[in-house]
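One structure is given here, and the rest of the page talks about it.
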Amino acid sequence: MQEYRFTEIEKKWQAYWEAHQTFHAENDYSKPKFYALVEFPYPSGQGLHIGHPRPYTAMDIVSRKRRLEGYNVLFPMGWDAFGLPTENYAIKNQIHPALVTEKNVARFKEQLQSLGLSFDWQREVNTTDPDYFHWTQWIFIQMFKKGLAYKKEMAVNWCTSCKVVLANEEVVGGVCERCGGEVVRKVKSQWMLKITEYAQRLLDDLAEVNYLDKIKLTQTNWIGRSTGAEVDFQTSSGDTLTVYTTRPDTLFGATYMVISPEHPMIEKWSEQLSNMDEIRAYQEKAAHKSDFERTEMAKEKTGVKLDGVRAINPVNGREIPIFISDYVLMTYGTGAIMAVPAHDTRDYEFAKVFDLPIIEVVKGGDITKEAFTDCATGVMTNSDFLDGLSVEEAKVKIREWLTENGKGHEKVNFKLRDWVFSRQRYWGEPIPMVHCEKCGWVPLPEEELPLRLPDVESYMPTDNGESPLSTLESFIHTTCPHCGGPAKRETDTMPQWAGSSWYFLRYCDPTNRECLASPEALRYWLPVDWYNGGMEHTTLHLLYSRFWHKFLYDIDTVSCKEPYMRRTSHGMILGEDGQKMSKSRGNVINPDDVIKQYGADTLRMYEMFIGDFEKTAPWSPSSIRGCKRFLDRIWALQDLVIDGDGYRDEMLTLMHKTIRKVTDDIESLKFNTAIAAMMALVNEFYASGAVTRGEYRTLLMLLNPFAPHITEELFEMLGYGILNTETWPKYDEKLCVEDEVEIVVQICGKVKAKLMIPMGAAEDVVVPMALEQEAVRAALEGKTIRKQIYIQNKLVNFVAN
RNA sequence: GCCGCUGUGGUGGAAUGGCAGACACCGCGGACUUAAAAUCCGCUGGGGGCAACUCCGUACCGGUUCGAGUCCGGUCAGCGGCACCA
């Protein structure tokens, strides 16, 4: 027998697949289709991470199986290539980010191809390709036309030393990650997308898709729908302050109000407030903190009382003080809250710090110790006409009261916020908008798309926080598409999320120059049947792309409401030390090295065998050898081959059970147990000292999606031809059943004996057999059987004393 | 902090509420070899016993059940996300 030369074999089959375009998805709309999708990578300078092949191999397995099952499979790949790291690299090395991207893409592609993944490379897309972002820009313009894109003053992180806008990630401990300089929140006019307009639909349509429960839950929580009330408080200045509350039932317990430090009323009241200096100082301090630091991380509540303006509780006319505090955000609700310290944890903490009255309005807790927030058991008190009602009853009654008295109304609120769509960066899609003094913001005419990125001298953002594009006079100055007068281009670019929000549509028809993809291609391929990606993308990417898809549905570009029918997720691969892989920890595994040492098939096998697909798993340089050994044993089975295209009688049940196990486990992402079943089968072949050609053939078919190269090679050597044109093995449910089964006999839940019984034997047959067992008789000696439990093919349990 | 997930041998992990530890890795013993590597065979959760066997054991505390790794309540620990990394 020739030795297993994996490098040679893998090269051979990869060349064969490329030459024959084996995995090209035809637009043959008569065949049943299957669209398998993995998240396209960001081509970083580090090259492929050992974690990348995990989801890619998983969906490759599904795709290869589907092809053998007769589907026309679309399994595409592309590059999410705009982004901060490339830009930062370009700044540092003064290389055009397009060149950096090109180099990184070439490396990534080579690495992916060496894994033998069955991508259709004819459909490769790249978000930085003008032919691609043409349509990203087109979608933005459609959104603008429908009123979904608007400008708004929003805070950004501003490094006072580098004079650049920083990503949240670049702000570490309140200072700039690169220079350690002070970071402040600076207000800029930003493009926003109205995702909130789709909040209810994004929530409702989760019912129509098959996502993992935890993914649906995460989306639901992120959208954060709550039903509460808006309540109007009159102020001593004669204004109205509207608050949003989910607990209008506790209105009688409102002992003060808190408004966000950015609340516009403060400026209006500046004349009447005697402590404006103190207020401004606090606003300044709050401006340094992120929302996250202000709300969730805050250990101690801070704030300033507004001296000179007070509010009146509409339900009882009581005057209450107004504070500003950074735990109230302008971006949620109305930017103002009524504080009910007795029944809200944050209000309670705040009231303790400022020594404010705490009035119990829901009985059931001990408000001298902590806020009582339980809505299920409480009973209303100190609340006039609400007294004695349950919380739920009180909510209904107070809403009625508010409406009747014109003091407020029911209000549904979402945690979801509109999408900040501008970046003061170079390496992103230019926003195709022009500002005209006369006409305001005007979109570029569609025939002028794509609006390309011009070359600039420096990729550094400017001193005033504008994008590098703003230094380019030739880019900025243009004419208004509407009136023809002088106008200026938008110089901000889009976030990386833009390109990834619709890439799966482009794969359907990647070279179309007339539209983002032909309606026929979209109708045939959509929706994506199975999309696998990381849990870290469950909120932003998944929600953003669902939002864009729904918009495209509304403007009749796509014909289905939801883009992805099924969504699953994979766990990360950690370093050997159980930590995230990183250069600084020195625990990085390079996939090229692994392929060189063991081959792509072994790497694929190990990544699938490493553990539960959905959980994180530490890399083990010794465990991978087990997978190499397994493939060696598969290879060496050649020496055990005996004649016979069928299965031997003694192997029949095991063969059928293994086919069933592998078939089912692939569908439920249990690749590790599928491999274990094949290992057990191979162990049986070795134990019996032989394998028939037919048994070997089936094993190779089952293993093919996992280890495509070695299986094609052996299939050919056995004289069966080309494997990937064959049909996935079938099993017979009846033949999966053994004649006999071992059951256990328990006394009070403890195993006392085991016995073989005919499969499916009835209780009245098995119980006497069980009672005859020596150990059972001994254990029952002098005892009375009180109860007997019989579980068919599993156990008999005697409860006795 | 909030939301979510996870916790099983020396290690990765397996187990529709029904024999805990499948399948592997590591380790140990043996075969082959001048030797080593590779390969093959065997053992391998812990305690006790010459042995048949027996007791303990799925992070911790409690509950439901004939029976709990699995379901319920609570605690602790680790991981992930928290809107400009993607």
Side-chain angles (χ1 to χ4, degrees), chain A residues 39 41-42 44 80 82-85 88 154-157 165-171 190 195 213-215 217-218 220-222 224 290-293 295-299 331 345-346 415-425 495-497 500 534-541 543-544 569 571-572 574 576 578-580 606 609-612 614-627 629-630 632-633 636 670 672-680 683 686 742-754 775 786-789 791 793-800:
Chain A
E39 288 168 344
Y42 171 70
S44 76
D80 190 15
F82 278 127
L84 199 58
N88 287 341
M154 290 294 294
V156 296
N157 301 308
V165 175
L166 298 178
N168 285 346
E169 195 189 54
E170 298 175 298
V171 183
Q190 308 260 41
I195 188 172
D213 284 345
K214 64 177 174 182
I215 295 175
L217 189 63
T218 305
T220 302
N221 289 343
W222 190 263
S290 68
D291 289 356
F292 180 54
E293 287 170 317
T295 52
E296 309 292 3
M297 288 280 281
K299 292 272 179 283
T331 47
T345 311
R346 288 171 308 177
K415 280 212 187 80
L416 185 68
R417 306 204 293 259
D418 277 342
W419 177 1
V420 184
F421 200 68
S422 308
R423 298 291 183 273
Q424 291 70 46
R425 290 282 176 174
Q496 194 168 10
W497 305 112
S500 61
M535 265 319 270
E536 69 275 20
H537 293 121
T538 301
T539 44
L540 300 182
H541 162 64
L543 212 56
Y544 289 158
S569 74
M572 259 193 306
L574 304 171
E576 205 182 337
Q579 304 274 334
K580 215 170 179 166
Y606 180 54
F609 189 62
I610 195 166
D612 184 335
E614 289 183 45
K615 292 187 197 151
T616 56
W619 183 265
S620 164
S622 58
S623 287
I624 191 172
R625 290 167 53 192
C627 290
R629 256 174 229 158
F630 175 59
D632 285 336
R633 280 161 70 81
K670 289 159 81 179
N672 53 339
T673 50
I675 293 171
M678 290 187 278
M679 286 174 166
N683 290 345
Y686 275 90
E742 188 182 62
I743 67 161
V744 294
V745 184
Q746 298 179 335
I747 312 282
C748 297
K750 296 236 178 210
V751 179
K752 291 294 171 191
K754 298 175 185 184
R786 303 283 171 201
K787 193 172 176 182
Q788 108 191 3
I789 291 112
I791 309 292
N793 301 332
K794 289 282 181 194
L795 61 74
V796 185
N797 185 15
F798 298 109
V799 183

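Each chain gets a letter, A, B and so on, in the order the sequences are listed, and its residues count up from 1. Just so we're clear, the structure is a prediction, and the values are computed from it rather than from any experiment.
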Point to revise | In B:rG69, glycosidic geometry as syn within 90° of 0 or anti otherwise | key: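 That one's anti.
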
**Study point:** Of A:Q579 and A:V420, the one whose closest RNA chain B nucleotide lies more 5'
**Key:**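 Between the two, 5'-proximity favours A:Q579.
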
Point to revise | 5' precedence on RNA chain B between A:T218 and A:W497 (nearest-nucleotide basis) | key: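 Nearest-nucleotide comparison on RNA chain B picks A:T218.
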
Using the [atom1] atom on both, measure [N] against [M] and round to a whole Å.
N	M	atom1	value
B:rG21	B:rG27	P	24 Å
B:rA77	B:rC28	P	37 Å
B:rG67	B:rA52	P	30 Å
B:rG73	B:rA68	C1'	15 Å
B:rG80	B:rC66	C1'	40 Å
B:rG49	B:rU11	C1'	30 Å
B:rC61	B:rG12	P	22 Å
B:rC53	B:rG4	C1'	47 Å

Which whole-number value in Å describes the distance from [X] [atom1] to [N] [atom2]?
X	N	atom1	atom2	answer
A:E536	B:rC5	CD	P	17 Å
A:R633	B:rC40	CZ	C1'	9 Å
A:D632	B:rA24	CG	P	14 Å
A:F82	B:rC85	CZ	C1'	16 Å
A:F421	B:rA83	CZ	P	18 Å
A:W222	B:rG4	CH2	P	14 Å
A:D213	B:rG4	CG	P	13 Å
A:L217	B:rC82	CG	P	17 Å

N or O in side chain of [X] less than 4.0 angstrom from [N] OP1/OP2:
X	N	result
A:R625	B:rC26	yes
A:R417	B:rA83	no
A:R629	B:rU39	yes

Exercise for review: Could you check which of B:rC66, B:rG81, B:rG4 has an atom nearest any side-chain atom of A:K787?
Suggested key: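 Shortest atom-to-atom distance from the side chain points to B:rC66.
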
Exercise for review: State plainly whether the residues A:K214 and A:E614 are in salt-bridge range, i.e. N to O under 4.0 Å.
Suggested key: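 Yes, A:K214 and A:E614 are salt-bridged.
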
By side-chain contact (heavy atoms from CB on, under 4.5 Å) - contacts of [X] (at least two apart):
X	result
A:N683	A:R633
A:M572	A:L574, A:K580, A:T616
A:Q579	A:D577, A:R585, A:N587
A:P85	A:Y42

**Study point:** Partner residues of A:S623 under the side chain to side chain donor-acceptor pair (under 3.5 Å) criterion, sequence neighbours left out
**Key:**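 A:S620.
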
**Study point:** Dot-bracket pairing map - RNA chain B, Watson-Crick plus G-U, both contacts under 3.5 Å, | cross-strand
**Key:** (((((((..(((.....[....))).(((((.......))))).((((....))))..(((((..]....))))))))))))....

Practice item. Taking ring-ring contact (aromatic ring centres under 6.0 Å, His included) as the test, write out the residues that go with A:W222, two or more places apart. Key: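 Residues passing ring-ring contact (aromatic ring centres under 6.0 Å, His included) with A:W222: none at all.
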
Practice item. Quick one: list whatever passes ring-ring contact (aromatic ring centres under 6.0 Å, His included) with A:F421, sequence neighbours left out. Key: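 Here the qualifying residues are A:F140, A:W419.
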
NA contact type, [X], heavy-atom cut-off 4.0 Å: base, sugar-phosphate, or nothing?
X	value
A:H541	nothing
A:S500	nothing
A:Q424	base
A:L416	base

Point to revise | Sugar-phosphate or base contact per nucleotide [nucleotides 43-59 of chain B; S, B, -; heavy atom under 4.0 Å] | key: -------------S---

Review point. What string of B, S and - do you get for nucleotides 9-23 of chain B, 5' to 3', when a contact is any protein heavy atom under 4.0 Å?
Key: ---BSSSB-BB--BB

Exercise for review: Under the salt bridge (Lys or Arg N to Asp or Glu O under 4.0 Å) rule, collect the residues that match up with A:K754, sequence neighbours excluded.
Suggested key: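 With neighbours one apart ignored, the set is empty.
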
Check your understanding: A:R425: what forms a salt bridge (Lys or Arg N to Asp or Glu O under 4.0 Å) with it, not counting sequence neighbours?
Key ->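 For A:R425, the residues satisfying salt bridge (Lys or Arg N to Asp or Glu O under 4.0 Å) (neighbours in sequence not counted) are A:E87, A:E170.
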
Check your understanding: Name the one of A:K787, A:Q788, A:Q746 that satisfies side-chain contact (heavy atoms from CB on, under 4.5 Å) with A:V799?
Key ->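 The passing option is A:K787.
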
Check your understanding: Is the backbone of A:P41 close enough, under 3.5 Å, to the side chain of A:D80 for a donor and an acceptor to pair up by distance?
Key ->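 Not at all, since once roles are kept as given, no pair shorter than 3.5 Å links the two residues.
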
Point to revise | Interatomic distance, A:R423 atom CZ to A:L84 atom CG [nearest 0.5 angstrom] | key: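 Between atom CZ of A:R423 and atom CG of A:L84 there are 10.0 Å.
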
Check your understanding: Closest approach of A:D418 and A:I195, non-hydrogen atoms and distance?
Key ->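 Distance-wise, the nearest heavy atoms are OD1-N, 3.1 Å.
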
